[in-house]
Amino acid sequence: EFKKFVPKGMAEVDDWHKSISLLACVDSAPLVVGDSVISACQGGLILKFNRIDGTVETSCRYPGWMFQADLLLQEKSDSLIVCGYSSSNKGLVVCLTRNLLEERWKIEICGSIKSRPVIIDDTAWVLAGSKCIALDITTGKELKKEFELQQGPYMSNPIVLYDDNQLGR
């Protein structure tokens, strides 16, 4: 017998289907960390749940933001980097603790961010619109390093940044 399941909140565990349903699209690859899965969605929700039984462990929400870029776990600082965008062509980069309980830093940037940042040493390179912008991975502050991409097809996941600041695919 078919049982229809309609979630009532942003995230809901369905015991009968053994699944977690989100009310918004998940376009990014989830991140598996130990026995947990961390996922972000177009509705501004970042969710950590148990990969074995689906129990929601914690979540945080950024209303008005959409997360499409793959999540990045920065092992050195044990931080989670999440990038997103708004309907007003703004970009957002958030650095959270692995357990999602603390926001280490957050920065808004002009230009949508739809791809995961590239980390080189202590710098996070973020593709925001048609610019590649450098951020200090510890503080989130913009560094005085950026370059404009040539007009053409826009890139999404994955981006590759070479040592001489050339962008590749």
Are [Y] and [X] connected in a single hydrophobic cluster, I mean Ile/Leu/Val/Met/Phe/Trp/Tyr linked by side-chain heavy atoms less than 4.5 Å apart?
| X | Y | result |
| --- | --- | --- |
| L96 | I81 | no |
| L73 | V37 | no |
| L100 | Y62 | yes |
| I38 | L72 | no |
| V32 | I46 | no |

Does the cation-pi check pass for K114 over Y85, that is, NZ or CZ under 6.0 Å from the six-membered ring centre and within 45° of its axis?
->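 K114 over Y85 ring: yes.
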To the nearest 0.5 Å, what is the distance between [atom1] on [X] and [atom2] on [Y]?
| X | Y | atom1 | atom2 | answer |
| --- | --- | --- | --- | --- |
| Q68 | S112 | CD | OG | 9.5 Å |
| I109 | K90 | CD1 | NZ | 10.5 Å |
| C60 | L47 | SG | CG | 9.0 Å |
| R104 | T139 | CZ | OG1 | 13.0 Å |

Note: E75-R98 ion pair, threshold 4.0 Å (strictly below) =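 The answer is yes: the pair qualifies as a salt bridge.
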Presence of salt bridge, D136 and K141, under 4.0 angstrom =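 Not counted as a salt bridge, because no side-chain N and carboxylate O are separated by less than 4.0 Å.
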For residues [X] and [Y], determine if any side-chain heavy atom of one lies less than 4.5 Å from a side-chain heavy atom of the other.
| X | Y | answer |
| --- | --- | --- |
| S59 | K48 | no |
| L92 | I107 | no |
| F49 | T58 | no |
| V93 | K106 | no |

Quick one: do T123 and L135 satisfy side chain to side chain contact (heavy atoms under 4.5 Å, CB included)? Show the steps, please.
-> CA-CA 6 Å; T123 303; L135 303 175; over 6 Å; no
Compare every heavy atom of [Y] with every heavy atom of [X], then report the nearest pair and how far apart it is.
| X | Y | result |
| --- | --- | --- |
| P117 | A124 | CB-CB, 4.5 Å |
| C95 | S79 | SG-CB, 3.5 Å |
| F67 | G84 | CD2-CA, 3.8 Å |
| S28 | A69 | CB-O, 3.0 Å |
| L80 | L71 | CD1-CB, 4.1 Å |

Taking [X] for its side chain and [Y] for its backbone only, find out whether a donor-acceptor pair lies under 3.5 Å.
| X | Y | value |
| --- | --- | --- |
| W105 | I137 | yes |
| D70 | A29 | yes |
| R51 | G34 | yes |

Are T97 and N99 linked by a side-chain donor-acceptor pair shorter than 3.5 Å?
->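 Yes, a side-chain donor-acceptor pair sits under 3.5 Å.
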Starting from the C-alpha separation in whole Å, work towards a yes-or-no answer on side chain to side chain contact (heavy atoms under 4.5 Å, CB included) for L127 and I113.
-> CA-CA 6 Å; L127 182 59; I113 303 172; 6.0 Å; no
Test log, rule side chain to side chain contact (heavy atoms under 4.5 Å, CB included), inputs W65 and V94 | CA-CA 11 Å; W65 294 98; V94 180; over 6 Å; no
Evaluate side chain to side chain contact (heavy atoms under 4.5 Å, CB included) for E142 paired with I133, printing each intermediate quantity in order.
-> CA-CA 7 Å; E142 280 190 59; I133 300 169; 3.6 Å; yes
